[in-house]
Amino acid sequence: MTTFTLYHNPRCSKSREALALLEARHVAVTVHRYLDDPLDITHLRSLAQRLEDGVPALVRTNEAQWKALALQDPSDEERLQAIADNPRLMQRPILDDGTRARIGRPPEALLDLIE
């Protein structure tokens with residue numbers, strides 16, 4: 001049986017929708033509230049490796065915090081460090097099965113991991 005982790009921000013509507021979708025489909029999921037328990041850079045690097053588009057997909061580049069960093073053509077390590085230092089910059093929600101991870105925007109994008 002696959003173990004799923006949902007990186008979740010309960011204040012985010014897409015994250016709430018993703019959790020509701022998983023619950024409606026009776027998917028057993030561990031919810032990781034990453035703002036309360038931020039991921040360290042090693043964990044972020046590992047998670048990014050399981051995402052289809054890697055590290056760039058992990059960053060919420062439209063956030064004011066990201067723009068305030070004013071990074072010019074940042075490396076993957078700079079992006080990961082920015083998320084480690086500012087967890088709100090991490091894309092959400094993310095469903096991870098330990099082998100593959102998907103960003104739930106829209107929440108239905110998670111279905112290929114659970115079906």
Student check: side-chain heavy atoms of [X] and [Y] closer than 4.5 Å:
{"X": "R33", "Y": "P87", "value": "no"}
{"X": "H8", "Y": "Y34", "value": "no"}
{"X": "V27", "Y": "L95", "value": "no"}
{"X": "I94", "Y": "L6", "value": "no"}
{"X": "V31", "Y": "T5", "value": "no"}

[atom1] of [X] to [atom2] of [Y]: how many Å apart, nearest 0.5 Å?
{"X": "R79", "Y": "R45", "atom1": "CZ", "atom2": "CZ", "result": "14.5 Å"}
{"X": "R92", "Y": "S15", "atom1": "CZ", "atom2": "OG", "result": "7.5 Å"}
{"X": "L110", "Y": "K14", "atom1": "CG", "atom2": "NZ", "result": "11.5 Å"}
{"X": "D53", "Y": "L58", "atom1": "CG", "atom2": "CG", "result": "11.0 Å"}

Could you see if V59 belongs to whatever hydrophobic cluster contains L39? Use Ile, Leu, Val, Met, Phe, Trp, Tyr and a side-chain cutoff under 4.5 Å.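 Same hydrophobic cluster.
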
So for atom CZ, which belongs to R88, do other residues, nucleotides or ligands contribute more than 12 heavy atoms lying within a distance under 6.0 Å?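 12 or below, so no.
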
So I41 and E77, side chain to side chain contact (heavy atoms under 4.5 Å, CB included) or not? Walk me through it. CA-CA 9 Å; I41 199 160; E77 287 303 307; 4.0 Å; yes

Angle class for the Y7/H32 ring planes (parallel below 30°, perpendicular above 60°, tilted otherwise)?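 Tilted: the ring planes of Y7 and H32 meet at 30° to 60°.
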
Go through the steps for R100 and E52 under the test salt bridge (charged side-chain N to carboxylate O under 4.0 Å, His left out), then give the verdict. CA-CA 8 Å; R100 299 176 301 152; E52 193 170 297; over 6 Å; no

Do R50 and S46 have side-chain atoms, one donor and one acceptor, less than 3.5 Å apart?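 A pair is found: one side chain offers a donor N or O, the other an acceptor, under 3.5 Å apart.
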
